[in-house]
Amino acid sequence: MKQNEEEWVEYKNVMEDVVKRSGLDKNIFYDLRGNHDNFGVPVIGGSLDFYSKYSINGQLGRSGHVNSVTLTLQAGKRKYLFVGLDSTMSVGLRGPTNLFGHPTDQLLAEVDLELSQWDSQPLKPVSKISFGHFPLSFSASSQSGKTLKDIFLKHSLSAYVCGHLHSRFGKNLKRYHLSSHRFLSSQKFFQFNLNQNPSEGSKNCSFGAPPVQEFWEWEMGDWRKTRAMRILAIDRGHVSFADIDFKSGSKKTIILPTFPLDSRFMSTSSSHHKYECEHMLPSSYETVRALVFSVSPIVSVVAKIYDTRYENLDIVVDAPMTNLGDESSRGDLYAVPWNYKAFQDPSADRFWLQIEATDIMGRTTMTELRPFSVNGLHGKVSWTWKEFFVMGCQWEALYYPILWVSLYFLLLILLIPRAFLFFSRKQITYKNVLAAKGFISGVGLVLQELCNVPIAWFGFLGYLFYLILFPWFTGQVFTDGEDKGYMTYMGWAVKSSDNKSNHDYIGSPDVMVVVLPHLLFVVLPAILSSGALAAERVVHRGKFLSVSGKKKDDYSGLDQRSVRYDSRGNRRSKFHFGGHWIRLILLVLCLVICWKHFK
């Protein structure tokens, strides 16, 4: 949650060793700042900004928030533009309220400018790749309300590559973005499916037709715990990738199929449109291609295509591939001709591709089966609930609706029972709950009895208004120094580095990781458990009186059936302890709530 210089020194030494042992030019490495590199850093370039001191970018003087590089290959016919961006917050709060990317209007303008630099040469196609630390689901909008998604859709990126989420939430942390012109669109808040199907309309194949605004977002996983690495390739405009798992050790051979593309994670609406209108480059479709990286010489590479039309894997292509000797890649590019039109199909996952390579030592490596669609259709992939939670939800847009719904709900469960007691003479009793056998009547009894304990009811009501109107707490927000700030549901208020001005409410919506769990997992359970304790007291008292046969204010002369004796011969009610097991459970629940509050 704060900076440790020893870790940065270790990182610098490791990367220098990687550069030395690989023999690669240090200038082609690009290490991007993330939120952990910004924890507790009050100002960029200050004494605690170890990223600027020890990272490769810092050593090479890449001080800007946006950097780009353009490669021109294939005899100048095609350009490849890579744009990296740093959207970490300008004032680095300590964790956990440093969770989102915060692109400024200036950064968005710089990204837009970098991505536009080759638009004046429309006859030369440009493949655009952008990369940053934060997924768009964890990226805030700028002060003017603009987002990175708006810029990426404008330029129809091939892909935006990001990190941040690691691999703990799932393997399908990918998302296809498609522009929507509907005024009331749910995409502002969430996207239910990994893919989006474009709306069916009349096919416009004129060259002056506006292009489809789209891009892929691919989260990368992490090296630290899951030992994941990604190889990304651009083959004649087709962008593909392979994720390599090094948990089981190093790999002797790595294979990356570059065409046809995986229909689940790489197909685009523009490629479908170009295929339907026959505007695609035919030469890029005429061969099946794959990159092969190997520590030993490769003796054979075979392309296999399976047909699943009859729900079986029926092999329809089993052809050896030829090494093309392409020097534009560090891997060997293999290809085999095929009749791509024979694989045109209305289903995006009828045909499946697998590449098999054998090296001189006799070791065989095969890729996973992957569906493809030569006509650019999207294969269907469903997120798990965890993957949807981190990739499909736009948390900045959801924060305030969830916050105010939660606050109104908490106020209503306090005020409605109070109003009911004030305006009505009827009260919910334990017998009503037993007769109704309903959950709602039980909750009504709990909330009603909370109202009958004024100190608790007014305490919770006052606490809710305190959370809305006043700071929640103060704390040391930077790694060193005595500078403190205070947090509200709107963010942190902290002093600037020169102590002359305040940064009002930075870290929004990052503070939601404190605010929402506190309301939903501390305040709400505390209200219900307090009411349950009050209701348990009333229920136990009613049971006791019903069994003893006494009036409400008569506690003497107990019936012998309700009396038992302890080891000393003293008489006591049989309900004194045994009838309070529910109270014991509720007290344990209260301890759990206190622990959660402490955490």
Side-chain angles (χ1 to χ4, degrees), residues 11 14-15 17-18 21-22 24 29-32 34 36 129 131-135 159-176 194 216-235 239-266 289-296 298 301-304 306 329-334 349 352-359 361-372 379 381-391:
Y11 170 75
V14 167
M15 291 311 299
D17 186 56
V18 169
R21 293 169 65 180
S22 68
L24 298 173
F29 286 83
Y30 192 102
D31 47 1
L32 194 66
H36 284 264
I129 304 287
F131 48 96
H133 179 77
F134 299 94
Y160 170 62
V161 185
C162 57
H164 188 58
L165 297 177
H166 305 266
S167 303
R168 74 183 74 173
F169 297 102
K171 295 183 177 180
N172 291 328
L173 301 182
K174 306 166 183 71
R175 181 177 176 182
Y176 173 67
L194 187 151
W216 271 102
E217 178 182 4
W218 295 327
E219 207 271 354
M220 290 183 59
D222 67 283
W223 175 265
R224 179 172 175 259
K225 288 188 175 181
T226 59
R227 291 293 186 260
M229 188 183 77
R230 172 170 294 165
I231 301 176
L232 185 144
I234 308 176
D235 183 0
V239 183
S240 58
F241 66 88
D243 286 334
I244 316 300
D245 181 4
F246 284 96
K247 261 191 171 181
S248 57
S250 60
K251 309 297 180 184
K252 301 299 182 183
T253 303
I254 296 174
I255 306 172
L256 168 53
T258 62
F259 190 83
L261 300 176
D262 190 325
S263 61
R264 299 166 300 179
F265 307 125
M266 303 171 194
R289 300 182 294 278
L291 280 171
V292 180
F293 304 84
S294 181
V295 297
S296 301
I298 296 295
V301 178
V302 178
K304 298 181 179 182
Y306 297 88
S329 169
R330 298 182 64 82
D332 293 322
L333 183 62
Y334 287 79
D349 55 6
W352 293 67
L353 173 68
Q354 186 176 53
I355 307 295
E356 177 183 298
T358 304
D359 65 16
M361 305 295 292
R363 294 181 295 240
T364 299
T365 303
M366 293 184 293
T367 62
E368 293 182 352
L369 285 166
R370 55 167 66 185
F372 67 87
V381 180
S382 297
W383 278 317
T384 65
W385 72 267
K386 289 197 296 183
E387 291 167 345
F388 166 73
F389 187 77
V390 295
M391 288 296 290

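Under the 3.5 Å distance criterion, with hydrogens and angles disregarded, a donor-acceptor pair is assigned to the side chains of R363 and S296.
Once rounded to the nearest 0.5 Å, the distance linking CE of M15 with OG of S22 reads 8.5 Å. Rounding to the nearest 0.5 Å gives a distance of 7.0 Å between OG1 of T365 and CG of D359. Here CH2 of W383 is found 5.5 Å from CZ of R175. Values are rounded to the nearest 0.5 Å. Considering OG1 of T226 and CE of M220, their distance stands at 10.5 Å, rounded to 0.5 Å. With rounding to the nearest 0.5 Å, the separation of NZ in K386 from CG in L173 is 10.0 Å. Atom-to-atom distance recorded for L32:CG and C162:SG is 10.5 Å, nearest 0.5 angstrom.
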Criterion side chain to side chain contact (heavy atoms under 4.5 Å, CB included) on I254 and V292, from CA distance to verdict: CA-CA 6 Å; I254 296 174; V292 180; over 6 Å; no
Side chain to side chain contact (heavy atoms under 4.5 Å, CB included) between L369 and K304, intermediate numbers included: CA-CA 9 Å; L369 285 166; K304 298 181 179 182; over 6 Å; no
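One finds no salt bridge joining D222 and R224 here, because no Lys/Arg side-chain nitrogen approaches an Asp/Glu carboxylate oxygen to under 4.0 Å. A salt bridge between K174 and E219 is absent, with no side-chain N of the basic residue lying under 4.0 Å from a carboxylate O of the acidic one. Ion pairing between D235 and R289 holds under the 4.0 Å rule for side-chain N and carboxylate O.
No donor-acceptor distance shorter than 3.5 angstrom exists from the side chain of E217 to the backbone of P135, with no hydrogens or angles considered. Under a 3.5 Å cut-off, the side chain of Q354 and the backbone N or O of T367 do form a donor-acceptor pair.
Counting heavy atoms from C-beta outward, L353 and P260 have side chains that approach closer than 4.5 Å. Under the 4.5 Å side-chain criterion, counting only non-hydrogen atoms from C-beta, D262 is in contact with P371. Looking at F241 and W218, their side chains come closer than 4.5 Å, going by heavy atoms from C-beta outward. You'll find the side chain of L291 stays beyond 4.5 Å of the side chain of Y334, heavy atoms only. A heavy-atom distance below 4.5 Å is not found between the side chains of T384 and N172. Looking only at side-chain heavy atoms (C-beta outward), I231 and F293 come within less than 4.5 Å of each other. Residues M229 and D243 have side chains not in contact (no heavy-atom distance under 4.5 Å, counting atoms from C-beta outward). The shortest side-chain heavy-atom distance between M366 and I355 does not fall under the 4.5 Å cut-off.
The aromatic rings of H166 and H36 lie perpendicular to each other, with more than 60° between the two planes, well past the 30° mark. Relative ring orientation between Y176 and W216 is described as tilted, the plane-to-plane angle lying within the 30° to 60° band. Ring geometry, H164 versus H133: the interplanar angle exceeds 60°, so the pair is classed perpendicular (tilted spans 30 to 60°).
L261 and V239 make their closest contact through CD2-O, 3.5 Å (heavy atoms, listed as atom of the first residue, atom of the second, distance). The nearest pair of heavy atoms linking F169 to L165 is CD1-O, 3.5 Å. Summarising the geometry of A228 relative to W223, their closest heavy-atom pair is O-CE3, 3.6 Å, with the distance given to 0.1 Å. Heavy-atom minimum distance, I298 versus A357: CD1-CB, 4.5 Å. Listed here is the closest heavy atom pair of L194 and R264: CD2-O, 3.9 Å. Closest approach of S240 to P257, counting heavy atoms only: OG-O, 3.4 Å.
In terms of the ring-ring contact (aromatic ring centres under 6.0 Å, His included) criterion, residue partners of F131 (sequence neighbours excluded) are, by chain and number, Y30. With sequence neighbours excluded, no residue satisfies salt bridge (Lys or Arg N to Asp or Glu O under 4.0 Å) with R370. For D245, the side chain to side chain contact (heavy atoms under 4.5 Å, CB included) test picks out K247, with sequence neighbours left out.
Of the listed residues (T364, V301, I255), just one forms a side-chain contact (heavy atoms from CB on, under 4.5 Å) with E356, and that residue is T364.
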